[in-house]
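Chain A is the first sequence line, chain B the second, and so forth, proteins listed ahead of strands; every chain is numbered from 1. Keep in mind that what you see is a predicted model, and the values were worked out from it rather than measured. Heavy-atom basis, side chains included; hydrogens, waters and symmetry copies ignored.
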Protein chains: 2
Amino acid sequence: MISRTARYAFQILGYLAARPAQQLRGEEIAAATGIPANYLAKILNQLRKAGLVESQKGWGGGFRLREGAETRPIRDVLVVFDGLGSAERTDCALGRPACDAGHPCAMHAEWAGVRDGFTRMITTTRVADLAQ
Amino acid sequence: MISRTARYAFQILGYLAARPAQQLRGEEIAAATGIPANYLAKILNQLRKAGLVESQKGWGGGFRLREGAETRPIRDVLVVFDGLGSAERTDCALGRPACDAGHPCAMHAEWAGVRDGFTRMITTTRVADLAQ
DNA sequence: ACCTCAACAGATAAGTTTATCCGTTGAGTT
DNA sequence: AACTCAACGGATAAACTTATCTGTTGAGGT
């Protein structure tokens, strides 16, 4: 539902959101969050390419939240790491290819409810909310 | 949330539940469900060890639902394939180790709601309900 | 007894996710 | 210009999930 990588990304963004307009080194974020430093570097790179984070190289460099990123729903983050299908869930809990309102599986309604709650969660929660 | 293997198991049990007191060959179930035959054999073996299915070898052999298995909640199936943690979810959506009512993360309440809906689904749905 | 059938069991492989390693680039300092 | 710092990028590895392959066991038919 939420990959470990995506959860890392949430934590990282939360750490940045809590320290706006500061240049934070990857090493520092790794130490603070407990995320493996080298892996965290990859994640931050993807966040940069996705336009959520800005970076600066060299002495005094580091990462910071990009302007306007605080208001982005965390759904945008999930899409980056877990793909579109993870955010726009329409799958069947049994894995049946054709499961819809017309031919529902045993869990169709309840599963749809669970998914809706999830969708609501990731669309209403914004990056700024992750600040700890 | 639900591994592919567990979904396979749901489908298999549904197929068996729809044909009670019949001896069904693995090959037949695989053909009907589209699940890879050799992988399906493994799954059925685990279901047997978990006491959900009975089997018979040789000519005329096959699988059938075990007595009383129809009333088992599908939570029991999920535990077999995805582990206890998958059924008794208490994890944090952000992956933070200490996230509780006292120190909730941004999504704590909503995520708890999603999890509760899921728990409810897998405890109220029984194997018999999977029959297609 | 012998043969066939289908479940059983272990080993191996493919694919995906997570994590590590190492050299390069570019920015700032001295 | 030389040096250091930290982000960048590609390659590699470890771990887990999913899938395949091969031979064995046991039950029934001939």
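Checked against D/dG9, D/dG29, C/dA27, the side chain of B/W59 finds its nearest nucleotide in D/dG29. Distance from the side chain of B/F63 is smallest for C/dC8 among the nucleotides D/dA7, C/dC8, D/dG9.
Here D/dT17 presents its C1' atom at 14 Å from CZ of B/R7, a figure rounded to the nearest Å. Atom CZ of B/R64 and atom P of C/dA7 are 12 Å apart (whole Å). Remark: P of D/dG29 and CD of B/Q56 are 11 Å apart, rounded to the nearest angstrom. Note: NZ (A/K49) to P (D/dC8) measures 9 Å, nearest angstrom. Summarising the geometry, the separation between CD on A/E54 and P on D/dC8 is reported as 11 Å, rounded to the nearest angstrom. A straight line from CD1 of B/I29 to C1' of C/dA7 spans 11 Å, rounded to a whole angstrom. Across the protein-nucleic acid pair, B/Q46 atom CD and C/dC8 atom P stand 12 Å apart, rounded to whole Å. In this structure, B/M1 atom CE and D/dT17 atom C1' are separated by 18 Å, rounded to whole Å.
For B/D82 (side chain) and B/S3 (main-chain N/O), a donor-acceptor pair under 3.5 Å exists by modelled atom type. Side chain of A/R7 to main chain of B/C92: a donor-acceptor pair is present (N/O by atom type, distance under 3.5 Å, no hydrogens or angles). Judged purely by atom type and a 3.5 angstrom limit, A/R115 uses its side chain to pair as donor or acceptor with the backbone of A/R89. Panel note: side chain B/R19, backbone B/Y15; a donor-acceptor pair is recorded below 3.5 Å. B/T123 places a side-chain N or O within donor-acceptor distance of the main-chain N or O of B/R120, the cut-off being under 3.5 Å. Side chain of B/Q11 to backbone of A/L94: a donor-acceptor contact under 3.5 angstrom is found.
Look at B/R48 and you'll find a side-chain N or O under 4.0 angstrom from OP1 or OP2 of C/dC8. For A/S55, no side-chain nitrogen or oxygen approaches OP1 or OP2 of D/dA6 to under 4.0 Å. The side chain of A/N45 places an N or O atom within less than 4.0 Å of a non-bridging phosphate oxygen (OP1 or OP2) of D/dG9.
Atom CD of A/E28 has more than 12 heavy atoms from other residues, nucleotides or ligands within 6.0 Å.
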Tell me, for nucleotides 13-23 of chain C in 5' to 3' order, what letter each nucleotide earns: B for a base near a protein heavy atom under 4.0 Å, S for only sugar-phosphate near one, - for neither?
-----BBBB--

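For the pair A/L44 and A/G58, both in contact range of DNA chain D, the more 5′-proximal nearest nucleotide belongs to A/G58.
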